[in-house]
Protein chains: 2
Amino acid sequence: MPEQSPGSRPTLEAVAARAGVSRATASRVVNGGDGVRKPLVDKVLKAVDELGYIPNHAARTLVTRRTGAVAVVIAEPEIRIFSDPFFSQQIRGISKELTAHDTQLVLLLVEGPGDFDRIARYLSGGHVDGALAFSLHTDDPLPAITRRAGIPTVYGGRPSWTADPGDQAVPYVDADNRGGARVAVQYLRDLGRERIAHIGGPPDQTSAMDRLDGYRDVLIDVDPTLVAEGGFTVESGARAMAELLERRPDLDAVFVANDLMASGALRVLRERGVAVPEQVAIVGFDDMDSVAATTDPPLTTVNQDIEGQGRLMARLLLRGLDRDRTGNGPAPDSVITPTTLVRRASA
Amino acid sequence: MPEQSPGSRPTLEAVAARAGVSRATASRVVNGGDGVRKPLVDKVLKAVDELGYIPNHAARTLVTRRTGAVAVVIAEPEIRIFSDPFFSQQIRGISKELTAHDTQLVLLLVEGPGDFDRIARYLSGGHVDGALAFSLHTDDPLPAITRRAGIPTVYGGRPSWTADPGDQAVPYVDADNRGGARVAVQYLRDLGRERIAHIGGPPDQTSAMDRLDGYRDVLIDVDPTLVAEGGFTVESGARAMAELLERRPDLDAVFVANDLMASGALRVLRERGVAVPEQVAIVGFDDMDSVAATTDPPLTTVNQDIEGQGRLMARLLLRGLDRDRTGNGPAPDSVITPTTLVRRASA
DNA sequence: CGCATGACTGAGAGCGCTTCCCGTACGCGG
DNA sequence: CCGCGTACGGGAAGCGCTCTCAGTCATGCG
């Protein structure tokens, strides 16, 4: 690779000159070379190579009006954000897919409520072609922002407002939370468990609600005392478990809405000398490898392909952007990814 | 905020026209307004506001040759990456600082060894003004890449080659690992412990080595059987603890190079019925809030301000970029951030 | 053999912005 | 009241690239 002399990189002009063609032809070659005869293509490529030419991104963006960048907006006031393997795996998937399409990942962390202004300005500023967002809470202002900015956006997780009629559909990627929950609870029932409790997640997150719905699908007329609410954290899971044991010492199984809470629940059960799975069987959700496999006993849980979801989000967005540009292809539709039950020792 | 008619955003030209000034004057106002009389400034700002003008970033970059973006390169083949609260907090700090300076964060995840080519191309491509990187392993190709691309870079954690003489200094931000370790071990000794073991991190990470050095600073002629090596993971910590107990059943304290390993060590001690801190005192490192406070017993550990380190990294880089541009100010220098011992129950 | 047709290539016009350079208008002192 | 100096505003030149449009050349067919 040729050394870069400081401050001056070769331009297309230089490449064209060296190859003995016009700038237009050089440009054509650099952008795929359609309609340029082989010998010229080779000459240009040779010049590119010799000069170490790298296209100027800003100039290209200026004329094409496309940035080749996508924003990933993470708005999570809680600590959970990155520490949550969930996000990190999702981002990893996104990164892989974007990279494969020569698209940059611009990370936008929302630090506080006042930040939405900044985000809005940024998204409106034409810095990125599209956005990927994680819709978490009911009152999330993000959808409104992206809509007003006219930025194509794909959501991770079913946005809460998608239930509302009349709202325009937005593409999103989500796991089959309800189906997964159904399978999990059904499994517990097939095991012969009769008083299956549930520790749910925060009600303003659709994933939590969908999992609860799945639970109810199987246990139609469930006694409300068998249901407790947690906050998707280890601690809240422990609290909820304690609460359930208090209310229903007779319970013989718990379907917990995520692995973190399940690990908290396991701890409480262990502390109180309740044998898992003999006395109480536990099934979690997410199959976080850093949690589910290392609990004692290892957690039976519902697996979802989180990284795959990230990839899918990116792919959906890129496809949509491509469609905007070329004007053809089907409108991107939401995708529900499958879930599978992973049997370990806790149930 | 005015609605954007699709596809056409107001230009500086439009703002200038509406304000009744030249484009040059409008530009000056938008960029700070130096040397423009108050009434005109106001007129322009009013026009900007009314039109909802947002500068075209590509055009600006094209002429100024500055992108207003910084790359954050994370090259960690292991899973640890994001799941590691370490990175997430660091990134959070970086994000805050960059945001405060209207600079974008472009995330570059290295997925595999072959990816370095892509990273190199990207960094050379003038997409970003600078880079922040986490130097982890001895043979990391990143430093060479950024140097060749001529991209100002600040490292997180002391790069291993900084020990080599003759190598040009690179700015980095790191905690006072050695000092922190010293304080921790000294604390154990002040407690009256006499056979203080050490579980170290991977030898190709400077933080691990520096902590080991701190340990040795206090325990000058330490018996090598008291030192075991781990990989900064829970499991490796457990393994190392088991190994130490095997070799030296008489040990009465362990200084562990990070909290994750410490939690693994605690588990092993608990399983074997060794009382902590009565029989064996444990001190960790990092003070990860998701770990140190929730172990049983809560972990005495060495705290470092990780988010602050991230901020510092960004600040150092921005200062360097500013210096490159204006040509004045001191060259950015590396920073070692202080560490403090946090007393909890494990020692 | 001549002209039409198609396939390529080249010239040039900007994309929106910053900034240099020059003209001018205003300030002040004499 | 007039001259000069200073500071501010305006014109214009690109930054590097894409893409339309027109021109060129070779070929195929009548």
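The figures that follow rest on heavy atoms only: side chains count, while hydrogens, waters and symmetry mates do not. Lettering follows sequence order; numbering is per chain, from 1.
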Touch class at under 4.0 angstrom, heavy-atom based, for A/Val21 against every strand present: sugar-phosphate

query = How is A/Val36 classified with respect to the nucleic acid when contacts are heavy atoms under 4.0 Å: base, sugar-phosphate, or nothing?
reply = sugar-phosphate

In whole Å, what is the span from the [atom1] atom of [X] to the [atom2] atom of [N]?
X: B/Asn56; N: D/dG16; atom1: CG; atom2: P; value: 17 Å
X: A/Leu40; N: D/dA26; atom1: CG; atom2: P; value: 14 Å
X: B/His57; N: C/dT18; atom1: NE2; atom2: C1'; value: 14 Å
X: A/Leu62; N: C/dC15; atom1: CG; atom2: C1'; value: 4 Å
X: B/Leu12; N: C/dC15; atom1: CG; atom2: P; value: 14 Å
X: A/Glu13; N: D/dC17; atom1: CD; atom2: P; value: 9 Å
X: A/Asp34; N: D/dT18; atom1: CG; atom2: C1'; value: 14 Å
X: A/His127; N: C/dG16; atom1: NE2; atom2: P; value: 15 Å

Scoring nucleotides 19-25 of chain D by protein non-hydrogen atoms under 4.0 Å (B base, S sugar-phosphate only, - none) yields BB-----

Double-helix bend of the helix from C/dC1-D/dG30 to C/dG30-D/dC1, axes at both ends from 5 pairs, round to 10°, gives 50°

(message) Less than 4.0 angstrom from a charged side-chain N to a carboxylate O is my criterion; do B/Arg118 and B/Asp115 meet it?
(response) yes

* Under 4.0 Å between a Lys/Arg side-chain N and an Asp/Glu carboxylate O for A/Asp117 and A/Arg121? ->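 Looking at A/Arg121 together with A/Asp117, the answer is no, because their closest N to O distance does not fall below 4.0 Å.
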
Is [X] close enough to [N] that one of its side-chain N or O atoms is under 4.0 Å from OP1 or OP2 there?
X: A/Arg37; N: C/dC8; result: no
X: A/Arg65; N: D/dT18; result: no
X: A/Thr11; N: D/dG16; result: no

Hey, is the main chain of [Y] close enough, under 3.5 Å, to the side chain of [X] for a donor-acceptor pair?
X: A/Asn31; Y: A/Ser27; answer: yes
X: B/Ser124; Y: B/Ala149; answer: no
X: A/Thr25; Y: A/Ala16; answer: no

Could you check if a side-chain atom of B/Lys46 sits within less than 4.5 angstrom of a side-chain atom of B/Arg18, using non-hydrogen atoms only?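 Result no, sub-4.5 Å side-chain heavy-atom pair not found.
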
Checklist entry - With a 4.5 Å heavy-atom cut-off, do A/Tyr172 and A/Leu316 have their side chains touching? => result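 A side-chain contact under 4.5 Å is absent here.
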
Exactly one of B/Val173, B/Val72, B/Thr153 clears side-chain contact (heavy atoms from CB on, under 4.5 Å) with B/Leu132, and that residue is B/Val72

Between B/Gly20 and B/Ala59, whichever has its closest DNA chain D nucleotide further toward 5' is B/Gly20

Decide yes or no on side-chain contact (heavy atoms from CB on, under 4.5 Å) for B/Tyr53 and B/Leu12, but give the supporting numbers first.
-> CA-CA 8 Å; B/Tyr53 170 75; B/Leu12 233 208; 3.5 Å; yes

Per atom distances to the A/Tyr53 side chain, the nearest of C/dC17, C/dC15, D/dC17 is D/dC17

B/Pro55 side chain: which of D/dG16, D/dT18, C/dC17 is closest?
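From the listed options, C/dC17 comes nearest.
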
### Query
Is the centre of the A/Phe134 ring less than 6.0 Å from the centre of the A/Phe87 ring?
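Yes, the ring centres sit under 6.0 Å apart.
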
